[in-house]
Amino acid sequence: QVQLVESGGGLVQAGGSLRLSCTASGRTFSGYAVGWIRQAPGKEREFVAAINWSGQSTYYADSVKGRFTISRDNAKNTVYLQMDNLKPEDTAVYSCAATGGTGVYSFPRYYDYWGRGTQVTFSS
């Protein structure tokens, strides 16, 4: 069993940046692929980014490619999502999720463990 806790959300303005963290406890985090998935009010969950167990492979949604960067520090049991040049459409609850597979996964249904999420809100 893996427990995931997200942090780092908040209010941002046009062009601003945030770094989200996903910290795991319970089992060795290095054996898990991790993804970030977001959900805006009234919308379905949307894949954002994913990283494999070693950090050598990453994958991004087209909507965030070039603006967001996913990375991990297995020694700290933490995965990060650096978000730059934020836009109003990035407003959502951002959740991290983990699965024991060896690849990178863009479908939320592939993930077995989920955090509760952290809110990112665009402030005009």
Side-chain angles (χ1 to χ4, degrees):
Q1 191 78 5
V2 176
Q3 292 81 42
L4 304 174
V5 177
E6 302 92 339
S7 61
L11 287 172
V12 292
Q13 295 182 329
S17 298
L18 281 176
R19 188 175 80 159
L20 306 184
S21 298
C22 171
T23 301
S25 61
R27 299 191 71 171
T28 302
F29 200 34
S30 60
Y32 292 84
V34 176
W36 285 96
I37 294 92
R38 67 187 181 186
Q39 187 165 22
K43 296 187 176 181
E44 294 186 354
R45 288 186 303 185
E46 176 190 18
F47 167 78
V48 177
I51 191 166
N52 77 328
W53 68 274
S54 68
Q56 291 185 330
S57 294
T58 58
Y59 184 72
Y60 298 91
D62 288 343
S63 58
V64 306
K65 199 173 296 182
R67 300 189 297 121
F68 291 11
T69 303
I70 189 171
S71 62
R72 68 190 299 160
D73 184 342
N74 286 337
K76 295 182 178 180
N77 275 0
T78 301
V79 169
Y80 304 99
L81 184 68
Q82 177 67 42
M83 307 187 296
D84 298 317
N85 191 20
L86 282 159
K87 302 177 180 180
E89 53 264 40
D90 295 319
T91 294
V93 174
Y94 285 72
S95 299
C96 65
T99 182
T102 58
V104 287
Y105 304 95
S106 61
F107 291 98
R109 67 176 182 268
Y110 288 159
Y111 291 96
D112 300 312
Y113 306 102
W114 290 78
R116 291 191 171 187
T118 184
Q119 177 73 49
V120 173
T121 303
F122 185 86
S123 173
S124 57

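Quantities reported herein were computed from a predicted structural model and do not represent experimental measurements.
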When the side chains of residues 3-20 are checked against the rest of the protein, which donor-acceptor pairs come out under 3.5 Å, sequence neighbours left out?
{"unit_1": "E6", "atom_1": "OE1", "unit_2": "R116", "atom_2": "N", "d": "3.2"}
{"unit_1": "E6", "atom_1": "OE1", "unit_2": "G117", "atom_2": "N", "d": "2.8"}
{"unit_1": "E6", "atom_1": "OE2", "unit_2": "C96", "atom_2": "N", "d": "2.9"}
{"unit_1": "E6", "atom_1": "OE2", "unit_2": "G117", "atom_2": "N", "d": "3.2"}
{"unit_1": "S17", "atom_1": "OG", "unit_2": "D84", "atom_2": "OD1", "d": "2.7"}

If hydrophobic clusters are built by linking Ile, Leu, Val, Met, Phe, Trp and Tyr wherever their side-chain heavy atoms come under 4.5 Å apart, do [X] and [Y] end up in the same one?
{"X": "L81", "Y": "Y110", "answer": "no"}
{"X": "Y105", "Y": "I37", "answer": "yes"}
{"X": "V104", "Y": "W36", "answer": "no"}

Test item: [X] and [Y] side chains (from C-beta on) under 4.5 Å apart, heavy atoms:
{"X": "K76", "Y": "F29", "value": "no"}
{"X": "S63", "Y": "E46", "value": "yes"}
{"X": "V79", "Y": "I70", "value": "yes"}

### Message
Tell me whether N85 contacts the main-chain N or O of R67 through its side chain, where contact means a donor paired with an acceptor under 3.5 Å.
### Response
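No; judged by distance alone, with no hydrogens or angles, the pair does not exist.
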### Message
Taking W53's backbone N and O only, do any of them form a donor-acceptor pair with N74's side chain (distance below 3.5 Å, no angle check)?
### Response
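A pair under 3.5 Å: yes.
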### Query
Does the side chain of T99 pick up a donor-acceptor pair with the side chain of D112 at under 3.5 Å?
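Yes - a donor-acceptor pair under 3.5 Å links their side chains.
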#### Entry: Gap separating the CZ atom of R72 from the OG1 atom of T58, nearest 0.5 angstrom
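Between atom CZ of R72 and atom OG1 of T58 there are 12.0 Å.
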#### Entry: D73 side, atom CG; S30 side, atom OG - distance, nearest 0.5 Å
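Interatomic distance, D73 CG to S30 OG, rounded to 0.5 Å: 11.0 Å.
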### Task
Among D90, T69, V120, V64, find the one that has a side chain to side chain contact (heavy atoms under 4.5 Å, CB included) with M83.
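Option passing the side chain to side chain contact (heavy atoms under 4.5 Å, CB included) with M83: V120.
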### Message
Assess the residue pair R38 and T91 against the criterion (side chain to side chain contact (heavy atoms under 4.5 Å, CB included)); give the C-alpha distance rounded to whole Å, side-chain angles, the decisive distance to 0.1 Å, and a yes or no.
### Response
CA-CA 9 Å; R38 67 187 181 186; T91 294; over 6 Å; no
How far apart are the closest heavy atoms of [X] and [Y], and which atoms are they?
{"X": "A33", "Y": "G103", "answer": "CB-O, 3.3 Å"}
{"X": "A49", "Y": "Y60", "answer": "CB-CD2, 3.6 Å"}
{"X": "A40", "Y": "A92", "answer": "N-CB, 3.8 Å"}
{"X": "W114", "Y": "P108", "answer": "CZ2-O, 3.4 Å"}

#### Entry: Pairs touching residues 32-65 that satisfy disulfide bond (SG atoms under 2.5 Å apart), sequence neighbours left out
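Applying disulfide bond (SG atoms under 2.5 Å apart) to every pair that reaches into residues 32-65, excluding sequence neighbours, yields nothing.
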### Query
Any idea how Y94 and F68 line up, ring-wise: parallel (<30°), tilted (30 to 60°), or perpendicular (>60°)?
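Because their plane-to-plane angle lies in the 30° to 60° range, the rings of Y94 and F68 count as tilted.
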### Query
Should we count OH of Y113 as having more than 12 external heavy atoms under 6.0 Å?
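Yes, OH of Y113 has more than 12 neighbouring heavy atoms, counting only those of other groups under 6.0 Å.
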### Message
Is it the case that atom CD in E89 sees more than 12 heavy atoms from other parts of the structure closer than 6.0 Å?
### Response
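Enclosed: over 12 neighbouring heavy atoms sit under 6.0 Å from CD of E89.
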